[in-house]
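The chains referred to below are lettered A, B, ... by the order of the sequence lines, with proteins before strands, and numbering in each begins at 1. Just the heavy atoms: all of them, side chains too, but no hydrogens, waters or symmetry mates, feed the values below.
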There are 2 protein chains.
Amino acid sequence: MQSQDLQHFIDHGHQVYLPHVSIDCAVFGFHENELKILLLKWKHLNGWSLPGGYILRTEHADVAAHRLLKQRTGLDQVFLQQYHTFSGPGRNKIQDSSRAIETNYHVVIPEDNWLKERVVSIGYYALVEYSKVTNPQPDALTETCAWCDIHELPTLLFDHQEMISEALKALRAQLIHHPVGLNLLPKEFTMLELQRLYETILDTTLDRANFRKKLLGLKILKKTGERPSGKAHKTPHLYSFDKRQYAKALKNGISFS
Amino acid sequence: MQSQDLQHFIDHGHQVYLPHVSIDCAVFGFHENELKILLLKWKHLNGWSLPGGYILRTEHADVAAHRLLKQRTGLDQVFLQQYHTFSGPGRNKIQDSSRAIETNYHVVIPEDNWLKERVVSIGYYALVEYSKVTNPQPDALTETCAWCDIHELPTLLFDHQEMISEALKALRAQLIHHPVGLNLLPKEFTMLELQRLYETILDTTLDRANFRKKLLGLKILKKTGERPSGKAHKTPHLYSFDKRQYAKALKNGISFS
DNA sequence: TGTTATTAGGTACAAAGTACACATTAATAA
DNA sequence: TTATTAATGTGTACTTTGTACCTAATAACA
């Protein structure tokens with residue numbers, strides 16, 4: 001962001017964006033049998049945060065979330081779910097982020113500026129295919145946008161630790177009624193990869209044979225015919241989601257364990 | 001509300017309340033085997049709405065919801081759950097309600113007033129004991145506050161029809177992990193009353209014998225010893241929730257059906 | 001070519017869910 | 001007082017689902 005753009009954002013942003021309301025997104029990916037989350041490292045603040053931003057005055061929050069995600073990941077059609085709105089009066093994002101702006105851009109934000117007022121933040125979580133997000137982009141106030149292992153989170157700013165915990169809870173609850181593999185895995189995958197995804201999200205271990213039976217019983221998977229080579233001793237089958245059956249099953253209601 | 005108070009609210013409300021954010025509550029009760037919801041009939045607007053209001057600038061949204069509920073129902077310790085935030089840019093509550101204020105109180109609200117701007121609304125649902133809400137109170141803009149049968153809803157203003165649908169969905173989902181009888185029924189109740197509650201919320205019929213077994217299997221009910229008289233042929237036992245066991249079971253996770 | 005690691009599939013048992021029958025009991029009627 | 005009735009309380013047989021673990025098949029590897 002140019003310095004003059006920033007000044008305009010500070011002075012007139014409240015005319016374009018809805019003040020007092022923001023969005024934060026927990027973007028999940030799955031890589032090497034681990035659940036990852038997309039985080040931003042702030043300039044001049046010692047910590048990381050979830051990607052987020054403001055809602056345009058004429059914009060639905062869902063649309064804003066998609067727009068923000070596109071800016072970070074480049075992706076368009078992302079599985080996105082609102083899960084909770086964080087409304088603590090002590091949310092100090094504003095103070096801290098204002099301070100970061102001032103430090104970075106050598107501007108002073110007036111005390112009565114819209115950026116210094118309290119915000120309520122609508123929390124979304126997103127599920128994306130890890131391999132499609134090769135070069136996540138930081139925003140004006142952050143220097144790095146990167147995947148972090150969910151078990152090795154860095155210091156988090158604001159109330160974003162709680163946001164991630166709640167997003168994980170929501171994801172786990174969702175998993176029961178919604179097979180999330182479609183959104184987190186590449187088009188083709190082995191049964192074991194799908195099982196590892198479930199195990200990672202649910203933070204447990206599952207019986208291989210029974211997992212297989214249950215998932216195939218849902219009738220939402222189909223064999224691709226192809227089999228990967230070079231790794232396992234017996235080459236596993238590759239599966240993909242049968243989108244028709246998947247949509248049909250979702251309507252009738254799916255239940256996993 | 002006095003006319004001068006109102007003028008103050010219009011002119012200075014934005015200093016006390018957080019603009020652009022509101023709260024709406026779907027308050028559920030259970031009476032005569034029917035699920036009821038608390039609605040407000042507006043003055044000079046042809047329709048009803050959910051109870052709602054604004055958040056104080058220093059107040060958590062959950063606290064605001066409790067405060068607003070107390071004003072309507074008189075109740076203090078209400079089971080309250082945030083379920084969704086409604087953020088459509090076309091939400092016309094503000095325009096309509098401003099018009100209602102102007103019509104009722106013969107004041108004019110300036111175009112740039114905070115009350116005429118878009119709001120994002122945090123949706124809560126509440127579960128209350130019907131018999132404890134004997135005299136629900138309308139607010140300044142409404143003439144009646146009353147229980148309405150969930151199957152016989154009147155014309156609803158704004159996007160409150162959608163809000164109710166979503167609240168019902170959330171309540172149904174909640175019922176699986178959270179026996180809501182504690183919040184919706186009086187202290188003592190028969191097994192059949194509890195069953196009717198479940199049937200009403202889930203909109204289905206359940207086998208009497210199996211429902212009984214399942215609920216008793218949860219170990220969260222206890223017989224009171226007393227039995228009501230005068231109605232049934234064989235007098236049913238009265239049950240109440242064993243709050244200790246209830247809390248314990250909640251921790252370990254409850255699953256219904 | 002046999003060994004081994006891994007996947008594919010099967011089976012036997014346990015637990016939970018479902019349908020329905022029967023026993024019990026208090027109000028009601030004869 | 002006694003039989004009837006309508007509701008509640010309880011049991012049982014059956015079905016479905018879940019769980020543990022075993023065997024067969026197969027591709028990589030020594």
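- Atom CE of B:Met191 and atom C1' of D:dT10 are 13 Å apart (whole Å).
- Whole-Å rounding puts the A:Glu193 CD to C:dT7 C1' distance at 13 Å.
- Atom NE2 of A:His237 is separated from atom C1' of D:dA25 by 11 Å (rounded to the nearest Å).
- The interatomic distance linking A:Leu194 (CG) with C:dT7 (P) rounds to 13 Å, in whole Å.
- Protein atom CG of A:Leu206 is 19 Å distant from nucleotide atom P of D:dT17, rounded to whole Å.
- Close to D:dT8, at under 4.0 Å from its OP1 or OP2, lies no side-chain N or O of B:Arg212.
- Electrostatic pairing of B:Arg196 and B:Glu193 does not count as a salt bridge here, judged by no charged N lying under 4.0 Å from a carboxylate O.
- Side-chain contact check for A:Tyr124 versus A:Gln81: every heavy-atom pair is 4.5 Å or farther apart.
- Rounded to whole Å, the distance from CD on B:Gln195 to P on C:dT18 is 13 Å.
- With sequence neighbours excluded, the residues satisfying ring pair (Phe, Tyr, Trp, His ring centres under 6.0 Å) with A:Tyr130 are A:His31, A:Trp147.
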Collect all protein-nucleotide pairs involving nucleotides 20-25 of chain C in which both atoms are nitrogen or oxygen and the distance is under 3.5 Å.
from   : atom 1 : to       : atom 2 : distance (Å)
C:dT24 : O2     : B:Lys234 : NZ     : 3.2

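- Following rounding to the nearest Å, B:Tyr239 (OH) and D:dT8 (P) show an atom-to-atom distance of 11 Å.
- Side-chain contact check for B:Val21 versus A:Val21: some heavy-atom pair is nearer than 4.5 Å.
- B:Lys223 places its NZ atom 11 Å from the C1' atom of D:dT10, with the value rounded to the nearest Å.
- A salt bridge does not link A:Glu129 to A:Lys187: none of the charged side-chain nitrogens sits closer than 4.0 Å to a carboxylate oxygen.
- In this structure, B:His178 has its ring center under 6.0 Å from that of B:Phe79.
- Nearest-nucleotide assignment on DNA chain D puts the 5′-proximal partner with B:Leu216, out of B:Leu216 and A:Lys214.
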